[in-house]
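First the structure, in the form of structure tokens, and then the observations on it.
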Amino acid sequence: MTDALKFKIALLTAGITVSDLAEKIGVSRTYIYNCLNHKSDFRASEISAIANVLGLTANQTTSIFFAHDVE
């Protein structure tokens with residue numbers, strides 16, 4: 001399950017908007033919001049693309065996209 005707060009912090013840190021990210025990885029902004037609201041899940045290829053765009057380490061990627069306890 002994606003940790004939406006950590007995801008948003010990563011976006012801010014990278015200086016990228018959800019719209020910019022969506023365009024760069026080839027999905028809609030709505031799809032990203034659905035994933036953040038746990039209505040859908042990112043695919044492995046999308047997680048990899050997001051990690052590359054945001055410059056995430058392996059640990060950051062795991063922490064954001066494979067969180068067990070999310071508020």
Side-chain angles (χ1 to χ4, degrees):
M1 192 174 270
T2 302
D3 186 320
L5 179 59
K6 288 181 181 179
F7 185 91
K8 291 174 186 177
I9 291 170
L11 282 174
L12 289 171
T13 301
I16 295 175
T17 66
V18 171
S19 295
D20 292 338
L21 178 64
E23 184 177 325
K24 289 177 188 259
I25 67 167
V27 300
S28 71
R29 193 179 71 184
T30 302
Y31 174 74
I32 291 177
Y33 284 119
N34 283 341
C35 291
L36 294 178
N37 291 316
H38 312 296
K39 295 178 183 176
S40 190
D41 292 313
F42 289 110
R43 294 180 180 103
S45 60
E46 295 162 346
I47 292 171
S48 178
I50 292 168
N52 286 333
V53 170
L54 298 181
L56 300 175
T57 65
N59 286 339
Q60 290 170 316
T61 302
T62 300
S63 173
I64 292 169
F65 295 103
F66 303 103
H68 294 283
D69 298 317
V70 194
E71 294 182 28

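- Contact check for Leu11 versus Leu54: side-chain heavy atoms found under the 4.5 Å cut-off.
- The side-chain hydrogen bond (donor to acceptor under 3.5 Å, both in side chains) search around Lys6 returns Ser63, not counting sequence neighbours.
- Counting heavy atoms from C-beta on, the side chains of Phe42 and Ile64 never come closer than 4.5 Å.
- Atom OG1 of residue Thr61 and atom CG of residue Leu56 lie 4.5 Å apart, to the nearest 0.5 angstrom.
- Distance check, rounded to the nearest 0.5 Å: CZ of Phe66 to OG1 of Thr2 gives 8.0 Å.
- No donor-acceptor pair under 3.5 Å is formed between the side chain of Ser48 and the backbone N or O of Ala44.
- Contacts classified as salt bridge (Lys or Arg N to Asp or Glu O under 4.0 Å) and involving residues 49-68 (residues at least two apart or in different chains) are not found.
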Name every donor-acceptor pair, under 3.5 Å, that has one atom in a side chain of residues 22-33 and the other anywhere in the protein, sequence neighbours excluded.
residue, atom, partner, partner atom, Å
Ser28, OG, Tyr31, N, 2.9
Tyr31, OH, Asp41, O, 3.0
Tyr31, OH, Glu46, OE1, 2.7

